[in-house]
Student: 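The following block contains the structure, expressed as structure tokens.
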Amino acid sequence: MKHKKFCSLVCVCTISMVCCSAFAFNVCATADNSVETLVTADETTRADGLIRSRSLSIVSGVKTVKIIAGTYGYETMAKIGFTNIEVQRSSNGTSGWVTELTLADDTASNAMSHTKNSESKSVVGGYYYRVKLDHYAKETGWFPDTQSITGYSNVVWVPKS
């Protein structure tokens with residue numbers, strides 16, 4: 001009889017965890033050996049922690065900029081990389097940022113990390129520049145979670161000539 005109750009408990013817990021990953025379950029045995037399951041809302045999402053680390057910088061040339069970036073996951077992801085990539089300019093380097101270039105998303109499939117060392121992009125000289133993008137990761141599996149973290153690069157001056 002104890003074996004049957006234990007197997008039932010294991011089955012219930014397994015099914016509960018698979019079907020309701022957004023909740024935390026606490027299983028407790030009572031004094032009369034019956035089982036109570038307490039369900040509480042989980043305040044963190046499973047997507048927390050898909051991205052282990054990230055890097056982003058911009059390098060200036062004569063009327064050009066180059067983007068250097070990396071997104072690194074904890075495990076192999078269905079997709080990992082960069083989305084919503086914008087090269088922005090400002091006349092003072094601190095405010096009034098305007099998008100000068102919008103670049104295509106750059107992601108890798110079935111990879112643990114993705115890096116970008118872009119070719120030089122032509123820009124108008126005489127402004128400060130930065131890159132804004134979203135570091136992106138999407139899990140593999142039946143119910144994949146995603147994580148997106150907006151990042152801003154350092155600021156560089158691009159001379160007119």
Student: Which of these, Asp134, Leu56, Ile80, sits in a side chain to side chain contact (heavy atoms under 4.5 Å, CB included) with Thr71?
Tutor: Ile80

Student: Do Gln88 and Lys132 have side chains that get closer than 4.5 Å, going by heavy atoms?
Tutor: yes

Student: Under the side-chain contact (heavy atoms from CB on, under 4.5 Å) rule, what do Thr140 and Asn110 come out as? Steps first, then yes or no, please.
Tutor: CA-CA 8 Å; Thr140 57; Asn110 299 314; 4.3 Å; yes

Student: On a heavy-atom basis, which atom in Ser122 and which in Leu101 lie closest, and how many Å separate them?
Tutor: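 Scanning both residues, the minimum pair turns out to be O-CD1, 3.9 Å.
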
Student: Using the test salt bridge (charged side-chain N to carboxylate O under 4.0 Å, His left out), find all partners of Lys116 that sit at least two apart in sequence or belong to another chain.
Tutor: Asp106

Student: Using every non-hydrogen atom in the two residues, find where Lys138 and Pro144 come nearest and quote the distance to one decimal.
Tutor: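 Reported closest heavy-atom pair: CE-CG, 3.8 Å.
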
Student: Let me confirm one number: the CD1-OG distance from Ile67 to Ser120, rounded to the nearest 0.5 Å.
Tutor: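 The CD1 atom of Ile67 sits 10.5 Å away from the OG atom of Ser120.
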
Student: Return the orientation label for the Phe82 and His135 ring planes: parallel under 30°, perpendicular over 60°, tilted otherwise.
Tutor: perpendicular

Student: Output yes when a side-chain donor or acceptor of Ser60 lies under 3.5 Å from a complementary backbone atom of Val158, and no otherwise.
Tutor: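 Side chain of Ser60 to backbone of Val158, a donor-acceptor pair under 3.5 Å: no, none is there.
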
Student: Is the backbone N or O of Val131 less than 3.5 Å from a side-chain atom of Ser153, with the two atoms forming a donor-acceptor pair by type?
Tutor: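 Present.
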
Student: Heavy atoms, side chains only, cut-off 4.5 Å: are Tyr136 and Lys79 in contact?
Tutor: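 Yes, side chains in contact.
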
Student: Check the pair Val156 / Val59 against side-chain contact (heavy atoms from CB on, under 4.5 Å), numbers first and verdict last.
Tutor: CA-CA 7 Å; Val156 296; Val59 178; over 6 Å; no

Student: Check salt bridge (charged side-chain N to carboxylate O under 4.0 Å, His left out) between Arg89 and all other residues, then give those that pass, not counting sequence neighbours.
Tutor: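 If we apply the salt bridge (charged side-chain N to carboxylate O under 4.0 Å, His left out) test to Arg89, skipping adjacent residues, the hits are Glu100.
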
Student: Do Val155 and Trp97 have side-chain heavy atoms sitting under 4.5 Å apart?
Tutor: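 Yes, side chains in contact.
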
Student: Verify whether one side chain among Thr102 and Glu86 offers a donor that lies under 3.5 Å from an acceptor in the other.
Tutor: no

Student: Please list, chain by chain and in numerical order, all residues satisfying ring-ring contact (aromatic ring centres under 6.0 Å, His included) with Tyr128, sequence neighbours excluded.
Tutor: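 For Tyr128 the ring-ring contact (aromatic ring centres under 6.0 Å, His included) partners, ignoring immediate neighbours, are Trp157.
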
Student: Can you tell me how far the OG atom of Ser57 sits from the CG atom of Asn154, to the nearest 0.5 Å?
Tutor: 5.5 Å

Student: Go through Lys121 and Glu119 one step at a time and tell me if the side-chain contact (heavy atoms from CB on, under 4.5 Å) criterion holds.
Tutor: CA-CA 6 Å; Lys121 302 291 182 187; Glu119 68 279 0; 2.5 Å; yes

Student: Specify the closest pair of heavy atoms between Thr64 and Val123, including all atoms of both residues, with the distance to one decimal.
Tutor: N-CG2, 3.9 Å

Student: Looking only at heavy atoms, which two atoms of Lys63 and Lys160 are closest? And how far apart?
Tutor: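 That closest heavy-atom pairing would be CE-O, 2.5 Å.
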
Student: Could you walk me through whether Leu50 and Glu139 pass the side-chain contact (heavy atoms from CB on, under 4.5 Å) check?
Tutor: CA-CA 8 Å; Leu50 296 181; Glu139 285 182 310; 3.4 Å; yes

Student: Please check if Tyr127 and Leu103 belong to a single hydrophobic cluster, counting links between Ile, Leu, Val, Met, Phe, Trp and Tyr side chain heavy atoms closer than 4.5 Å.
Tutor: yes

Student: Is it true that Ser90 and Asn92 share a donor-acceptor pair across their side chains at a distance under 3.5 Å?
Tutor: yes

Student: Which atoms form the tightest heavy-atom contact between Leu133 and Ala69, and what is the distance?
Tutor: CD2-CB, 4.5 Å

Student: In Å, rounded to the nearest 0.5 Å, how long is the span from OG of Ser109 to NE2 of His114?
Tutor: 9.5 Å

Student: Which heavy atom in Arg54 sits nearest to a heavy atom in Thr150, and how many Å separate them?
Tutor: NH1-O, 4.0 Å

